[in-house]
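Residue numbers run from 1 in the order of the sequence given.
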Amino acid sequence: MEYLVTAEQMKTYDRNTIQETGIPSLVLMERAAYATAMEIMKRFPQSGSALAVCGCGNNGGDGFAVARILKEHGFAAECVLVGDRAKCSVETETQIRILERQGNVPVHFLTPEMEGGFCPERDEEGNMSFSGYDIIVDALFGIGLSRNLAGICLDTVEAINRSDAFTVAVDIPSGIHADTGNVMGCAVRADLTVTYGYCKLGMILYPGTEYTGELLVKKIGIWNGEQPDEQTVFYYTKEDLDRLPQRRNDGNKGTFGKVLVIAGSHNMCGACQFATLGAYRMGAGLVRVLTAEENRTAMFQAVPEAVLRTYGDSFPEAELAESLEWADCVLAGPGIGTSEVAKQIMEYLCHHCTKPLVIDADGINILSLPGYRPLLKEVGERTSVVITPHIGEFSRLMDESVLHCKEERFALSAQCARDNKVCVVCKDARTVVADMYGHCYLNVSGDSGMATGGTGDVLAGIVAGLMAQGMDAFEAACLGTYLHGLAGNLASDAKTTYSVLARDLLDKLPEVLKEAVLRKHHTI
């Protein structure tokens with residue numbers, strides 16, 4: 001597990017480190033610069049030419065120090081200060097003076113007026129140009145940027161992006177908002193970003209993640225007592241595969257949980273198949289399916305391992321009641337439609353279900369309808385519930401625009417979870433998982449290949465499979481989302497992001513789980 005912090009949190013941690021532990025700011029700056037320079041040297045073992053493009057804040061100070069360290073290791077290094085030297089922070093002015101005293105790293109000054117300052121080359125169209133360098137170190141703006149770039153700063157970032165040099169961002173690509181990932185008018189497209197202490201939210205969220213390039217988090221002595229507080233957003237890494245539920249060697253199909261899947265309707269059999277197979281692939285011992293009569297033959301052919309119950313045009317109360325008694329976990333909603341029978345099924349579940357419950361797709365659409373919304377809280381107060389809306393379904397559930405839901409995904413997911421006593425999996429290019437206690441997980445696995453029909457049904461099945469094996473709802477939602485994304489990454493690697501189908505995730509999930517098992521046994 002790794003943490004993602006906001007700009008304000010990071011500033012607090014920096015301040016705590018300097019004021020409470022007594023580590024001077026210049027020491028942190030030197031450590032940051034050294035970590036960055038070492039990563040550059042790994043990629044350029046024969047040295048090269050480097051230009052550090054620096055701003056007036058402490059991010060600029062990091063850049064000046066990087067240039068000095070690269071020079072010590074045989075690189076041809078230069079620096080340019082973009083802005084008024086009189087406005088430099090104390091630490092950045094100190095770094096400039098060190099370079100001036102040593103005299104072996106040229107420091108240029110690029111001012112808005114250009115009078116008496118550094119005049120960079122111009123290309124044929126008259127644009128600023130940073131040609132002739134192997135490496136550009138972007139140390140223009142750090143995490144404090146809050147307004148769109150303009151003037152000489154905008155010109156500088158555009159010049160960096162036009163360069164063929166390998167671009168290394170110090171802490172965050174200049175122009176990316178540290179909290180939202182928004183591009184502030186223009187932003188540096190880095191090949192490598194070296195950030196310090198903790199990863200910042202904006203480098204994981206879109207579009208910021210597309211500007212970050214390879215991302216490395218370096219520990220430089222930032223101190224925050226023990227860890228960020230428990231309300232801080234976190235994400236999983238491969239080490240979190242160890243969270244998988246233990247498989248007892250003496251277990252049987254009952255040991256590993258029984259999942260009831262209520263899915264599918266006339267002309268919507270695929271959702272039922274994908275959800276069922278997702279639960280089975282995730283390790284559930286038995287899966288019973290309650291679906292429309294029209295799906296009987298297709299389900300027998302596609303998933304002969306499933307136990308099948310079907311219903312016609314009337315509400316299947318008896319089958320539903322008996323199946324709820326049988327199940328350890330229930331998954332409801334994929335492809336059931338919004339017919340009167342589907343509404344009756346969801347209403348019955350919300351009134352009577354006492355087993356852990358996953359609600360997906362049409363189940364969420366029904367609970368978004370006027371008169372049905374209180375049902376979600378009713379069942380959430382009785383049992384563990386995970387809802388898995390994509391951003392459009394979430395928008396309907398919250399009665400907010402899709403744009404607002406994207407911009408406020410953390411706050412709204414947490415609000416929905418808190419108000420309804422459920423766990424929310426808000427699916428998007430970066431999926432957010434929130435629980436009623438304010439914990440937020442941001443998923444970093446997966447890619448655009450997964451933007452195809454049926455993948456959400458697979459995810460719902462995976463989460464239900466984990467919950468059936470006894471996993472806590474929030475952890476099952478986080479781990480299930482992470483595993484689902486890893487399977488998507490493998491499918492895209494094999495077939496490209498253009499050609500992935502939902503069934504490909506089901507085929508790749510065993511490979512992900514095999515890696516998890518090997519990790520547990522310390523064989524990789």
Side-chain angles (χ1 to χ4, degrees), residues 1-21 23 28 31-32 35-36 39 59 142-145 169-173 176-182 192-206 208-209 211-243 408-414 417-418 423-426 428-446 472 474-483 485-486:
M1 177 193 297
E2 298 290 342
Y3 290 96
L4 293 162
V5 300
T6 64
E8 193 57 41
Q9 285 175 311
M10 197 67 234
K11 289 174 185 176
T12 299
Y13 303 159
D14 280 337
R15 187 165 54 249
N16 290 348
T17 303
I18 295 164
Q19 295 178 357
E20 296 184 22
T21 70
I23 299 176
L28 295 176
R31 294 189 66 176
T36 304
E39 291 301 327
N59 191 255
I143 61 174
L145 185 66
V170 171
D171 207 18
I172 189 170
I176 294 299
H177 194 287
D179 295 350
T180 66
N182 289 341
L192 168 68
T193 298
V194 183
T195 196
Y196 314 118
Y198 300 100
C199 189
K200 287 71 182 177
L201 271 168
M203 295 187 292
I204 298 298
L205 295 173
Y206 285 93
T209 190
Y211 288 74
T212 299
E214 181 186 357
L215 175 61
L216 297 175
V217 181
K218 293 294 182 178
K219 301 301 181 184
I220 61 168
I222 302 294
W223 182 85
N224 187 48
E226 296 297 327
Q227 289 285 358
D229 65 70
E230 62 176 11
Q231 306 306 313
T232 301
V233 177
F234 66 95
Y235 64 99
Y236 281 166
T237 67
K238 288 288 185 72
E239 296 186 0
D240 290 286
L241 293 176
D242 290 346
R243 296 172 180 272
E408 299 295 335
R409 69 193 78 191
F410 295 105
L412 289 176
S413 296
R418 183 177 60 252
C423 174
V424 177
V425 180
C426 184
D428 200 19
R430 285 286 186 246
T431 293
V432 172
V433 183
D435 72 3
M436 69 183 82
Y437 305 107
H439 304 122
C440 271
Y441 165 84
L442 183 66
N443 193 57
V444 297
S445 63
D472 165 80
F474 181 61
E475 188 168 18
C478 296
L479 184 61
T481 302
Y482 183 58
L483 294 168
L486 292 178

*Working to the nearest 0.5 Å, report the span between CD of E20 and CZ of R15.*
9.5 Å

*Hey, what's the ring geometry for F474 with H439, parallel, tilted or perpendicular (30° and 60° as the breaks)?*
tilted

_To the nearest 0.5 Å, what is the distance between CZ on R409 and CG on D428?_
5.5 Å

_Looking at every heavy atom in both I176 and I172, which two are closest together, and how far apart are they?_
O-CD1, 3.6 Å

_Residues L201, L442; criterion side chain to side chain contact (heavy atoms under 4.5 Å, CB included); working and verdict_ = CA-CA 9 Å; L201 271 168; L442 183 66; 4.3 Å; yes

*Donor-acceptor pair, side chain of R430 and main chain of I204, under 3.5 angstrom*: yes

*asked:* Looking at every non-hydrogen atom in both residues, tell me the closest pair between A178 and A7 and how far apart they are.
replied: CB-CB, 4.0 Å

*Between S413 (side chain) and F410 (backbone), is there a donor-acceptor pair under 3.5 Å?*
no

*Least distance between heavy atoms, C199 atom then L215 atom*: SG-CD2, 3.5 Å

*What are the two closest non-hydrogen atoms of A477 and V425, and how far apart are they?*
CB-CG2, 3.7 Å

*List the steps, then state whether side chain to side chain contact (heavy atoms under 4.5 Å, CB included) holds for V444 with T209.*
CA-CA 10 Å; V444 297; T209 190; over 6 Å; no

*Rounded to the nearest 0.5 Å, what separation is found between the CD atom of E2 and the OH atom of Y198?*
9.5 Å

*Sidechain-backbone polar pair: T193 side chain, T212 backbone, donor-acceptor under 3.5 Å*: yes

*asked:* Quick one: does any side-chain atom of N59 pair with a main-chain N or O of I143 as donor and acceptor, under 3.5 Å?
replied: no

*asked:* Using a 3.5 Å distance criterion without hydrogens, assess whether the side chain of D179 forms a donor-acceptor pair with backbone atoms of T6.
replied: no

*Spacing of CD1 belonging to I222 relative to CG belonging to L28, to within rounding of 0.5 Å*: 5.0 Å

*Under the 3.5 angstrom rule, does the side chain of Y482 hit a backbone N or O of K238 as a donor-acceptor pair?*
yes

*Does the side chain to side chain contact (heavy atoms under 4.5 Å, CB included) test come out yes or no for V433 and N443, once each step is laid out?*
CA-CA 8 Å; V433 183; N443 193 57; over 6 Å; no

*Is there a donor-acceptor pair under 3.5 Å between the side chain of D171 and the backbone N or O of Y196?*
yes

*Smallest separation among heavy atoms of Y236 and Y441, with atom names*: N-CE1, 3.4 Å

*Indicate the atoms forming the closest heavy-atom contact of I23 with G221, along with that distance.*
CD1-O, 3.9 Å

_Once rounded to the nearest 0.5 Å, what's the spacing between atom CZ of R243 and atom CD of E475?_
5.0 Å

*Quick check: does any side chain N or O of N16 sit under 3.5 Å from a backbone N or O of Q19, one acting as donor and the other as acceptor?*
no

